[in-house]
Amino acid sequence: MAENHGMVGDVYFPAPEIIEQAHIPNYEKVHAEAMADLPGFWGRIAAENFEWYQPWEKVLDDHNAPFYKWFVGAKVNIIHNALDRHMRTSVRNKAALIFEGEPGDMRTYTYQQLNYEVCKFASVLRSLGVAKGDRVTIYMGRIPELMIAMLACAKIGAMHSVVYGGFSTEALLDRINDSQSEVLVTCDGAWLRGNIVPLKEIANAAVERADSIHSVVCVKRTGEDVEMVPDRDHWYHDLMALPIADPHSATEVMDAEDPLFILYTSGTTGKPKAILHTHGGYMVGTATTLKWVFDMKPEDVWWCAADPGWITGHSYIVYSPLILGATSFMYEGAPTHPNPDRWWSMIAQYGITILYTAPTAIRGLMRFGENWPNLHDLSSLRLLGSVGEPINPAAWSWYYRVIGKERCPIMDTWWQTETGNFMITPLPSVPLKPGSGTRGFPGVDIDVVDEEGEPVGVNEEGYLVIKRPWPAMLRTIFGDPDRYVRQYWSRYEEQGWYLPGDSAKKDEDGYIWIIGRIDDVIKVSGYRLGTAEVESALVSHAAVAEAAVIGIPDQLRGNIIKAFCILRDGFEPSDKLSAELRDHVGHEVGPIAKPTTVDFVDELPKTRSGKIMRRVLKAKVLGEELGDLSTLAN
Ligand code: WTA
């Protein structure tokens with residue numbers, strides 16, 4: 001096979017040196033071992049690679065399924081493994097984080113320096129009254145202080161709830177109210193495409209109406225004038241200069257099952273829900289998947305180009321690289337600022353070895369042609385990664401050929417906010433088929449089944465299911481355990497399977513091909529949005545009586561949002577109103593949720609019980625068969 005590596009027909013075979021170097025050269029063997037004894041497999045990994053204050057009594061407790069528990073009885077703190085333990089070794093002097101701001105400013109934190117900042121901010125939070133189990137909302141741009149704030153929360157056992165900086169007032173307010181956070185950490189603004197996103201202004205508008213928040217900490221990033229409310233608001237740098245900012249603050253001893261964070265994500269219906277992850281299992285799962293899938297080595301410079309405000313950033317910018325003692329790179333701004341080669345120039349400058357991004361970003365940069373990447377030396381790259389949506393053949397081959405120079409395999413990782421870590425993913429040693437994430441990570445029991453739960457035939461479409469628990473799985477929906485059971489575990493209740501909400505196919509080699517969501521979740525540029533969020537923003541406008549939104553496939557963004565509105569009496573359809581409604585959604589939810597078009601209609605297709613049939617709207621727009629209309633009322 002040695003001479004047969006690279007693309008052979010439709011399959012990519014890794015070069016022998018890639019296989020030799022990989023942490024797990026033989027997928028079949030490791031997967032079989034894991035499946036034969038799941039608790040034994042994870043117990044061994046947990047014991048060998050992590051430090052625990054106190055070991056567990058039992059690896060997996062499934063008596064109260066689907067409320068699974070992992071590493072029951074163990075004491076740990078993810079920060080002990082991400083920072084504290086590195087202070088005893090040479091990792092202390094290694095770069096943990098290399099940061100470049102959009103205006104071109106640079107900062108590097110060694111593990112020692114990062115730990116120093118985290119300790120100080122942890123004691124600042126404590127002195128603001130934050131204690132174990134409390135929630136802290138973080139609403140910031142992509143800067144090191146965002147990571148410091150998250151790590152400081154974890155250190156003192158408080159749950160962070162990071163709200164993506166691209167969201168607006170209503171989205172932030174909903175998430176603060178649902179979590180009942182008492183402290184908000186934000187910044188004066190964030191750089192994006194040479195402009196400033198006024199985060200503090202948006203935060204002020206939300207906090208004004210959020211009763212639970214008593215203190216706001218604001219990082220000075222842009223230096224813009226912002227309104228600081230006396231007694232409530234404090235500058236980060238002022239607090240960090242006080243004696244209360246203790247560089248030796250203690251790491252809270254946590255139960256392995258104690259909550260680490262909540263993160264809001266869009267679901268099938270209603271408001272976004274707070275997915276809850278824990279210290280023990282999440283730590284073991286995220287670090288192990290990063291190490292094996294991206295073959296993380298001490299000399300690597302890892303760039304996960306996501307935002308820490310999403311699960312990808314939580315798991316693979318903030319926590320797992322630090323646990324592995326790796327060096328991460330973080331960039332604040334837009335990939336095209338000031339020119340479309342910003343990313344490629346930074347890869348050359350910092351010697352990035354692994355790039356992990358979303359297909360939508362690749363397609364966005366592809367538009368500018370090969371000349372931009374070809375201006376730079378990309379030879380430091382050895383592995384590439386993709387996440388967030390299926391990667392289309394054109395984007396795959398551009399990424400492979402122009403960025404990876406036909407040397408770098410592409411790890412296409414399928415997973416979710418709920419799963420905490422990669423679930424369907426190649427390892428560097430396995431053959432790849434462009435567009436497929438290959439098979440389950442070792443120990444991940446995944447399948448494609450029909451309504452009854454029977455496996456579907458080769459290349460037939462069905463529901464993706466996960467048949468056995470895994471350490472980094474969500475534990476519940478914060479404040480709504482019933483919804484947790486209903487949403488994820490009720491469809492295949494008898495079998496006890498987890499339903500991710502994706503449809504998929506399995507080919508003759510057992511490779512899984514994701515087709516898309518089976519629910520009302522829309523992936524726009526890789527961002528996960530719910531139809532309900534956009535619709536409720538539309539009906540909050542005085543002109544709109546009813547609204548329905550659907551996702552329509554788009555070459556660049558994966559999907560775009562199309563909205564249909566019924567107007568209230570006294571309002572007339574116009575281009576002006578359509579533009580106003582789009583802006584209204586941008587203002588309420590965030591620019592990412594803006595519908596591309598707003599159409600005015602007299603009625604919406606509904607079931608007799610009054611549920612909007614988005615599938616019918618979508619079929620009409622796409623000119624497809626309308627399907628079963630027996631439940632349609634009008
Ligand atoms: C989709 C992002 C195809 C999928 C980590 C899933 C993908 C949802 C892939 C979760 C992939 C994610 N190929 N589809 N490699 N990765 N998805 O919670 O529909 O923001 O259910 O987590 O993204 O989105 P979330």
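Counting convention: from 1, in listed order, for ligands and their atoms alike.
The shortest N or O to N or O distance between T312 and ligand 1 is not below 3.5 Å. When only interatomic distances are considered, the shortest N/O to N/O separation between E418 and ligand 1 does not fall below 3.5 Å.
Among all protein heavy atoms, the one lying closest to atom 4 (C) of ligand 1 is D502 OD2, 2.9 Å. In terms of protein heavy atoms, atom 8 (C) of ligand 1 is closest to K523 CE, 3.5 Å.
Within a 6.0 Å radius of CZ in R401, more than 12 heavy atoms belonging to other residues, nucleotides or ligands are found.
Ring centroid separation for the pair Y164 and Y527 comes in under the 6.0 Å cut-off. For W415 and F441, the gap between ring centers reaches or exceeds 6.0 Å. Outside the 6.0 Å centre-distance limit, the rings of Y139 and F167 are not counted as a close aromatic pair. For Y498 and W489, the distance between ring centers is under 6.0 angstrom.
If you number the atoms of ligand 1 from 1 as listed, the ones under 4.0 Å from a heavy atom of V387 come out as 5 (C).
Distances from atom 3 (C) of ligand 1 to the heavy atoms of S266, P359, P390 show the closest one on P390. Closest heavy-atom approach to atom 7 (C) of ligand 1 within the set W513, W415, W414: this belongs to W414. Looking at M423, M411, R517, H314 and measuring to atom 21 (O) of ligand 1, the nearest heavy atom belongs to R517.
If you check the side chains of D412 and W396, you find no donor sitting under 3.5 Å from an acceptor.
Taking a 4.0 Å cut-off on heavy atoms, G388 registers as neighbouring ligand 1. For W310, the heavy-atom gap to ligand 1 stays at 4.0 angstrom or more.
Distance OG/S161 to CE/M150: 10.0 Å, rounded to 0.5 Å.
Contact annotation for I311 and ligand 1: only side-chain heavy atoms (C-beta onward) come within less than 4.0 Å of the ligand. Residue-level proximity to ligand 1 for R528 is carried by the side chain, the only part with a heavy atom below 4.0 angstrom.
Distance alone, capped at 3.5 Å, places no donor-acceptor pair between the E406 side chain and the G6 backbone.
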